Structure formats: C-alpha cells, structure tokens
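Some notes on the structure that comes next.
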Amino acid sequence: LTTWNVMLAGYMKVGDMECARRIFGEMPQKDQVSWSTMIVGFAQNGCVDDAFGLFREMQKLGRSPSETTLMGCLSACEQAGAFKYAEILHAYVEKTGFTCIVEVSNALLDAYAKCGNISKARLVFERMMEKTVVSWTSMIAGLAMYGYGKEAIDLFQEMELSGMRPDGVAFISILYACSHAGLIEEGSEYFHKMEPVYGVRPSLQHYGCMVDLYGRAGLLHRAYEFVTRMPVEPN
RNA sequence: CUCCAUAACGUAAUCGU
C-alpha cells in the first residue's frame with residue numbers, strides 16, 4: 001500500500017495528474033493517505049474542483065475524510081479562494097467534532113482569511129480552546145492581508161502576553177502587516193528586536209520583508225541602503 | 001512494544017482591468 005501511495009505522491013509532485021489518477025484507479029486498496037495524496041495533489045496543481053470531487057466521492061463511498069485529509073482540503077480552498085468550499089468543509093468539521101483538533105481549526109481559520117472572510121476567520125480564532133503559534137500567526141497574517149496593521153500589532157502583543165513565543169514565521173507575518181499598513185517605525189522596531197529580545201535570527205525572508213517595508217513606503221534610499229548592508233547574500 | 005518509509009495546518013517580493 002505504501003508503495004502505491006509513493007507512486008501517487010510522485011506523479012502528483014511532477015504534475016502528472018493523469019498517471020496519478022490511473023494508479024489511483026488501479027490500486028487494490030486505498031487508505032486515508034491515498035485519498036489525501038490525491039486531493040492535495042489536485043489542489044496543489046490548481047485543480048480544486050477535482051480535489052473536491054474526490055472529497056465528495058469519498059463520502060459517497062462511506063469513508064470519512066480524516067483530519068489530515070480535511071486540512072489538505074482546507075488548504076486547497078485558500079489556493080483557489082474557494083469560499084463556497086470552505087463553508088462546506090466548515091459544516092463537516094463541526095459535524096465530526098474535528099474543531100477540537102487545533103490543526104484543523106488552524107486550517108479553517110486560514111482558509112476563511114484567504115477566501116475573503118476575515119470575520120469568520122476571527123470567529124474561528126476566538127472560539128479555539130487551544131491555540132498554537134500557528135493559530136496566532138494565521139490570524140495576524142489574515143488581518144495583515146486586509147491592511148489591518150494596527151490590529152495585527154495588537155494581536156501580536158496579545159500573543160506575547162499569553163505566553164506564546166513568536167517564531168520566525170510569526171515575524172514574517174508581523175513585518176508583512178507593518179509593510180502593508182505603512183507602519184515603518186513599528187516594523188523596523190520588530191525587526192531589530194528579533195534576535196536580541198526574542199532569540200529569532202532573521203532569515204533572508206525577513207530581510208526581504210524589510211526591503212519591502214521601506215520600498216512600499218517610497219523610502220527607496222533606505223531600502224537600497226538596507227540591501228547593501230544586509231549580512232546575508234541578497235537574492 | 002519501540003523506531004523507520006508514503007499524504008497533511010501559518011511563510012516576503014514580482015501578476016493592470
């Protein structure tokens with residue numbers, strides 16, 4: 001079974017959905033990994049309708065999509081901005097009680113944010129019993145996408161107060177938020193506190209965010225100076 | 001029983017309507 005699954009994953013990875021589909025039809029048994037591989041594979045190759053077709057087919061066959069399959073489906077929604085699918089999946093999540101699985105709620109919150117419904121995303125976030133750094137980061141990034149920079153910063157502070165330690169991705173989100181809301185000083189303050197205060201070494205992506213922060217605000221000299229002085233090789 | 005192999009939640013910039 002694993003061997004068949006590996007074949008599915010391989011074909012999907014190179015974008016050969018026809019071969020993957022053929023193998024999927026030929027294999028003697030299928031498990032959750034097989035279904036999940038197909039659904040996520042279609043989604044990542046931009047075929048969201050095929051992905052959901054399989055989700056439906058799975059249910060018709062009386063198999064319950066696992067939490068992992070669900071996370072893949074939700075992640076597929078965001079790539080397509082497929083709000084209608086996000087709502088269907090939300091209903092399924094509620095029905096099955098998967099809401100208590102933090103990763104599933106994270107995926108749901110992120111899908112709503114990326115599909116254009118920030119208030120539903122917020123609702124999912126507020127109702128979560130348990131939050132991980134992924135939950136906080138997804139919410140912060142969601143607010144940032146809508147240009148709510150101030151709110152993103154407030155949430156970042158709230159996260160710190162709750163005792164959650166921000167990681168590298170959390171900093172990418174807050175820098176993204178500052179950049180898109182024109183909060184230049186706030187952004188550079190966060191950047192400069194990263195390593196000394198939080199112990200997170202800035203990566204190339206963080207430097208990229210800073211160049212964007214200055215450049216987007218029209219501070220081209222500052223952006224240029226930043227690029228020439230950064231300690232990692234600019235890409 | 002333990003470990004290992006296949007899927008799976010947050011990740012900057014570039015995309016006119």
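All figures in this text were calculated on a predicted structure; none of them were measured in a lab.
Checked against B:U6, B:G10, B:A12, the side chain of A:Gln205 finds its nearest nucleotide in B:A12. Taking every side-chain heavy atom of A:Val33 into account, B:U6 is the closest of B:U11, B:C9, B:U6. Taking every side-chain heavy atom of A:Asn5 into account, B:U6 is the closest of B:U6, B:A8, B:A12. Here the side chain of A:Tyr176 is nearest to one of B:A12, B:G10, B:A7, namely B:A12. In the set B:G10, B:A12, B:A8, B:A8 carries the atom at the smallest distance from any side-chain atom of A:Val40. In the set B:G10, B:C9, B:A7, the nucleotide with an atom closest to the side chain of A:Thr68 is B:A7. Closest approach to the A:Ala9 side chain among B:G10, B:A7, B:A12 is made by B:A7 (side chain taken as heavy atoms from C-beta onward). Of the candidate nucleotides B:A13, B:A5, B:C9, B:A5 has the atom lying nearest to any side-chain atom of A:Thr2. Checking B:U11, B:C9, B:A7 against every side-chain atom of A:Ile172, the shortest atom distance belongs to B:U11. Closest contact between the side chain of A:Thr137 and the listed nucleotides B:U11, B:A8, B:G10 involves B:G10.
Separating the CE atom of A:Met7 from the C1' atom of B:U6 is a distance of 12 Å, rounded to the nearest angstrom. Between the CG atom of A:Asp212 and the P atom of B:C15 there is a distance of 11 Å, rounded to whole Å. The separation between A:Met38 atom CE and B:A7 atom P is 15 Å, rounded to whole Å.
The aromatic ring centroids of A:His221 and A:Tyr214 lie 6.0 Å or more from each other.
Defined by atom type and a distance below 3.5 Å, a donor-acceptor pair is present between the side-chain atoms of A:Asn106 and A:Ser135.
Other residues, nucleotides and ligands contribute more than 12 heavy atoms inside 6.0 Å of the OH atom of A:Tyr146.
For a distance-only test at 3.5 Å, the side chain of A:Thr37 fails to qualify as a donor-acceptor partner of the base of B:A7.
At the heavy-atom level, A:Lys30 lies nowhere under 4.0 Å from the strands shown. Residue contacts for A:Asp31: at a heavy-atom cut-off of 4.0 Å it reaches no nucleic acid atom on any strand shown.
For A:Val104 against A:Leu74, the heavy-atom pair with the smallest separation is O-CD1, 3.9 Å.
Note on ring orientation: taking the six-membered ring where Trp is involved, the planes of A:Tyr92 and A:Phe98 are tilted (angle from 30° to 60°).
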